[in-house]
There are 2 protein chains.
Amino acid sequence: MAKLQKSIDKRNALVKATIELVNNNGFHATPMSKIAKMANVSPATIYLYFENKQDLVNQTYIDVKAEYTKYAFETYNESMSVSEGFEIIWKRIADFKLKECEEAMFLAQCDNTPMIDEPSRQEGIKHLQPLLDLWERGKKEGVIKPLSDYLLYAYSINPLSFLMIAQKRGAFQLDKKHIEQAYQAAWNSIKV
Amino acid sequence: MAKLQKSIDKRNALVKATIELVNNNGFHATPMSKIAKMANVSPATIYLYFENKQDLVNQTYIDVKAEYTKYAFETYNESMSVSEGFEIIWKRIADFKLKECEEAMFLAQCDNTPMIDEPSRQEGIKHLQPLLDLWERGKKEGVIKPLSDYLLYAYSINPLSFLMIAQKRGAFQLDKKHIEQAYQAAWNSIKV
DNA sequence: ACTATAAAAATGAACGTTCATTCTTTTTTT
DNA sequence: AAAAAAAGAATGAACGTTCATTTTTATAGT
């Protein structure tokens, strides 16, 4: 028990260090030695928890994606109306991107580079299923436009990543008013 | 004359090779030796045209960004109405992202990683000024919503990058109908 | 027009460094 | 006291960059 606990702590520390260092330097400019140092561990120890560097970053990606979607769908359930469900999910996502902005930034980098291998990318996509189901329902009920999932995602959810990154770079400050405006823009672009 | 011509050809070949290799492997997994090989040049020759690897990728970014915005604003002029101007610019951008998708993908990677240094990033942003001016005018005329530039960009232009990348990965096929729907979604989200 | 010469451009090999990973030893746990 | 976990040092490969040299181009005198 104590052993297992200790192991999980180390694994978490490694994942956390990976996120932070990859955010600041990129995957290939983040040496295993630095990840080890930040996690207070020997470089060799990483290989007790992960096969190699690629495996470390793949698993980190899947972990973060799972955390992200868990948070996004936490307060949603399928008995809600489509518009109510969308609002709740959208606002949870916005919340996550602002509060856990290291994690969100890491995901953005993963989604826009060849850093993650294809199987792990596919694995990450699966987690979004509840949202796809909601859209499907919305289309059936005639509440949202009959667009491809990619268009729905591109216009309703994805812009948040851009805003979060701009904010992280200090380009501007996202406050409550912006979030509400962004939500309205998202809903306007997909509702019938 | 012949000399200068030759030099520009080599520089272009290096920039082109950089785009292709960075798209497929990322910045740090793209060795100078491979860039040289793809451009049919000796590794040492790169250093006659660029200070170092960082300078090569910075200049490539600025080149591509300039090409992108030149294309985007080619058919636009300031005497157009805001809605007409927006439509023309938006459709040119969509066009560019589909036709020059290597270039567009390279920009997306640059904008989501620490690959480009801050001065070059700033330099790249300047090129978008005509669009910002158009938005400013739209807000003054009451044609578009009084949102921050980042919100306007996030919801009207940026989603195209997501679609282009999804298409590049083979996730779906963007056709004329999608483009029209995407344009409508973009306009709906920003118009008053 | 042709050659000699200087300058510029280009090259391949070499250097020093860094990195992912492994090996051997030590420490901790059972 | 055996097994598992962790550590630090070692290894070999790969990389960015530089160096010494060769090749190409431009210039100038005859």
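In what follows, every heavy atom counts, from backbone to side chain, and hydrogens, waters and symmetry copies are set aside. Each chain gets a letter, A, B and so on, in the order its sequence line appears, and its residues count up from 1.
- Here D/dT17 is the nucleotide among C/dA10, C/dG12, D/dT17 with the atom lying nearest to any side-chain atom of B/Asn52.
- Under 4.0 angstrom from either OP1 or OP2 of C/dT11 there lies at least one side-chain N or O belonging to B/Thr45.
- The side chain of A/Leu48 approaches D/dA5 more closely than any other nucleotide in the set C/dT11, D/dA5, D/dG8.
- Side-chain N/O atoms of B/Lys53 include none lying less than 4.0 angstrom from OP1 or OP2 on D/dT17.
- Distances shown here put every side-chain N or O of B/Lys34 at or beyond 4.0 Å from the OP1 or OP2 atom of D/dA14.
- Contact annotation: B/Tyr47 does not reach the phosphate of C/dT11 (side-chain N/O to OP1 or OP2, under 4.0 Å).
- Between B/Lys70 and B/Glu74 there is a salt bridge, with a side-chain nitrogen of the basic residue lying less than 4.0 Å from a carboxylate oxygen of the acidic one.
- Annotation: A/Lys34, atom NZ; neighbour count of heavy atoms from other residues, nucleotides and ligands within 6.0 Å does not exceed 12.
- Donor-acceptor pairing under 3.5 Å is lacking for the side chains of B/Glu20 and B/Asn24.
- The A/Met32 side chain lies nearest to C/dT21 when the options are D/dT17, C/dT21, C/dG12.
- For B/Arg92 and B/Tyr71, the positive end sits near the middle of the six-membered ring, less than 6.0 Å away and at most 45° from its axis.
- Picking from D/dT17, D/dG16, C/dA10 the nucleotide with the shortest atom distance to the side chain of B/Pro31 gives D/dG16.
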